[in-house]
Number of protein chains: 2
Amino acid sequence: MAAGQRGGWQPPLHRCGVSATWQAVRAAVLDRIRARDWPPGARIPDEADLAAEFGCARATVNRALRDLAAAGLLERRRRGGTRVSALPVRRAVLSIPVIRAEVAARGMAHGYRLLHDTAGEEPGVGPVRLVRALHTADGAPFCLEDRWISAAAVPGLAAADFAAVSANEWLVGNAPFTHGEIAFTAAAADPADARDLGCAPGAPVLTVLRRTWAGALPVTALTLTHAPGHRVTATL
Amino acid sequence: MAAGQRGGWQPPLHRCGVSATWQAVRAAVLDRIRARDWPPGARIPDEADLAAEFGCARATVNRALRDLAAAGLLERRRRGGTRVSALPVRRAVLSIPVIRAEVAARGMAHGYRLLHDTAGEEPGVGPVRLVRALHTADGAPFCLEDRWISAAAVPGLAAADFAAVSANEWLVGNAPFTHGEIAFTAAAADPADARDLGCAPGAPVLTVLRRTWAGALPVTALTLTHAPGHRVTATL
DNA sequence: GAGTGGTCTAGACCACCAA
DNA sequence: TGGTGGTCTAGACCACTCC
């Protein structure tokens with residue numbers, strides 16, 4: 001679904017109740033699913049029927065049902081109709097801001113220090129720039145950013161000054177990507193990370209691995225090692 | 001957008017190229033953003049102008065732009081127009097299947113054992129059922145499920161047999177919720193967790209905290225403690 | 001083959017908010 | 001207050017896929 005529609009929301013009262021909005025249709029369908037009026041696995045009426053029932057256009061019903069399908073509550077197939085998911089795979093939207101914005105959103109002052117910046121070679125990628133930096137929040141270590149950046153995929157890379165602007169932020173504006181993946185895992189802080197993060201060696205730290213591509217070309221891969229206690233949250 | 005449209009996709013060739021599809025419009029706009037034809041922060045033409053340019057209906061442009069806004073690449077405001085995000089907050093969609101399905105998706109056999117099941121009281125919630133269970137994958141510990149379930153919010157709770165069906169799965173069909181939150185953090189395995197998971201005490205483990213509500217009523221809260229090495233992944 | 005969802009169109013009204 | 005996005009409509013054609 002459109003993430004922008006999440007959060008506090010008021011139903012628009014167009015046309016003063018003359019006809020249903022797509023949100024109203026979505027709510028009505030959701031109620032029937034939850035009331036087990038339409039039990040898991042059951043097929044629900046087709047769009048034309050629902051449109052007639054709700055007194056709206058088919059396009060309105062379509063939008064409502066598409067939204068519920070995107071949320072994992074319905075499964076739709078051409079010719080096969082629409083069914084209530086038997087085992088709904090709920091989906092949560094994870095926001096991934098620039099680290100500086102993430103720290104600022106917590107009401108803290110963001111700091112940044114470049115730790116290492118060298119040239120290297122990444123197998124299967126070619127020449128890369130290797131960067132390690134520390135982000136701080138109100139002066140305390142927030143997370144370590146370890147990454148390589150492909151020289152081939154990022155024109156102007158050599159000229160970037162990562163002492164002045166974090167690679168995290170510079171890349172946002174200078175290295176567009178088409179797709180990527182992200183993974184979360186727990187790890188024990190290794191001695192170097194522990195030193196830079198100011199925590200005990202072996203302390204459990206949340207690491208975020210991210211990798212992006214521009215088409216078939218790898219752009220960058222990074223590991224964010226967060227200070228102990230860090231949480232990543234999302235809304236269901 | 002509809003999740004069903006992700007993945008390998010071929011542009012529909014309706015009308016043999018006479019007019020643009022919304023995906024084509026989205027791709028064209030994306031190209032201009034990436035080419036910095038429309039730099040970060042810049043205002044882009046309004047929907048009517050783009051519709052004229054692409055030779056399609058405004059609704060088609062609207063759908064394309066809404067999709068890009070949902071992905072965090074555009075910011076739209078009535079009267080204010082549409083702008084390219086200066087600091088795009090990328091969004092990733094996290095799938096949250098039932099644990100049994102998650103294990104099965106990895107091609108492993110799911111196992112389940114109830115460890116504890118008692119009545120209790122949760123401050124601010126009232127009487128709850130406290131459940132602790134272990135999920136296994138091919139016989140090896142996969143994750144610990146620790147949760148409370150509100151008796152007030154879940155009719156039929158007392159009759160549920162969590163030795164036969166995991167609470168995780170039973171709740172999917174029996175305790176609909178309206179909203180919830182999820183958080184990831186790294187922790188050190190405490191002695192009890194270490195024993196049940198078969199890992200060393202103090203080992204770094206990924207914990208997932210989840211909490212759901214039905215309207216204003218808390219439904220359940222759980223902690224999933226995953227075996228060391230576990231990863232949670234999503235696509236950008 | 002035929003039923004269902006996916007999408008496009010052209011027009012319309014409305015809500016919101018920046019100029 | 002006017003311009004912009006948000007949405008609805010009624011109709012249409014098409015793609016997919018189950019029967």
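First the proteins, then the strands, lettered A, B, ... as listed; each starts at 1.
- Residues that satisfy the side chain to side chain contact (heavy atoms under 4.5 Å, CB included) test with Ser166(B), not counting sequence neighbours, are Tyr112(B), His135(B), Glu145(B), Asn168(B), Glu169(B).
- In this structure, the side chain to side chain contact (heavy atoms under 4.5 Å, CB included) partners of Ala163(A), at least two apart in sequence or on a different chain, are Leu114(A), Asp161(A).
- Distances shown here put every side-chain N or O of Thr82(A) at or beyond 4.0 Å from the OP1 or OP2 atom of dT4(C).
- Out of dC19(D), dG2(D), dT7(D), the shortest distance to the side chain of Arg79(B) is found at dG2(D).
- Against DNA chain C, the stretch residues 30-47 of chain A makes heavy-atom approaches under 4.0 Å through Arg43(A), Asp46(A), Glu47(A).
- The side chain to side chain contact (heavy atoms under 4.5 Å, CB included) test applied to Pro97(B) returns Val89(A), Ala101(B), Glu102(B), not counting sequence neighbours.
- Atom-to-atom, CZ of Arg76(A) to C1' of dC18(D) comes out at 16 Å; the value is rounded to the nearest Å.
- Between the CG atom of Leu74(B) and the P atom of dG6(D) there is a distance of 11 Å, rounded to whole Å.
- Residues Phe142(A) and His230(A) bring their aromatic ring centres within 6.0 Å.
- Here Trp213(A) and Phe177(A) keep their ring centres 6.0 angstrom or further from each other.
- Mapped onto DNA chain C by nearest heavy atom, Gly80(A) and Ala59(A) fall at different nucleotides, with Gly80(A) at the one closer to the 5' end.
- The distance between atom CG of Asp67(A) and atom C1' of dT7(D), rounded to the nearest whole Å, is 14 Å.
- Rounded to whole Å, the distance from CZ on Phe54(A) to P on dT9(D) is 13 Å.
- Between Leu65(B) atom CG and dT4(D) atom P the separation is 14 Å, expressed in whole Å.
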Under 3.5 Å, which donor-acceptor pairs do the side chains of residues 40-60 of chain A form with other protein atoms, sequence neighbours left out?
| residue | atom | partner | partner atom | Å |
| --- | --- | --- | --- | --- |
| Asp46(A) | OD1 | Ala48(A) | N | 3.2 |
| Asp46(A) | OD1 | Asp49(A) | N | 3.0 |
| Glu47(A) | OE1 | Arg58(A) | NH1 | 2.6 |
| Glu47(A) | OE2 | Asn62(A) | ND2 | 2.8 |
| Glu47(A) | OE2 | Arg76(A) | NH1 | 3.2 |
| Glu47(A) | OE2 | Arg76(A) | NH2 | 2.7 |
| Glu53(A) | OE2 | Arg32(A) | NH1 | 3.2 |
| Glu53(A) | OE2 | Arg32(A) | NH2 | 2.4 |

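- Every salt bridge (Lys or Arg N to Asp or Glu O under 4.0 Å) that Arg129(A) has, sequence neighbours left out, goes to Asp117(A).
- A donor and an acceptor atom sit less than 3.5 Å apart, one in the side chain of Arg58(B) and one in the base of dG6(D).
- For Thr60(A), no side-chain nitrogen or oxygen approaches OP1 or OP2 of dT7(D) to under 4.0 Å.
- If you measure from atom CD of Glu75(A) to atom C1' of dC18(D), you get 16 Å, rounded to the nearest angstrom.
- Of the candidate nucleotides dG6(C), dC16(D), dT7(C), dT7(C) has the atom lying nearest to any side-chain atom of Gln23(B).
- Within the structure, a side-chain polar atom (N or O) of Asn62(B) is placed less than 4.0 Å from OP1 or OP2 of dG6(D).
- For the pair Arg77(B) CZ and dC14(C) P, the interatomic distance rounds to 25 Å; values are reported in whole Å.
- Arg63(B) has its CZ atom 17 Å from the C1' atom of dG5(D), to the nearest Å.
- Between the side chain of Arg78(A) and the base of dC16(D), no donor-acceptor pair of N or O atoms lies under 3.5 Å.
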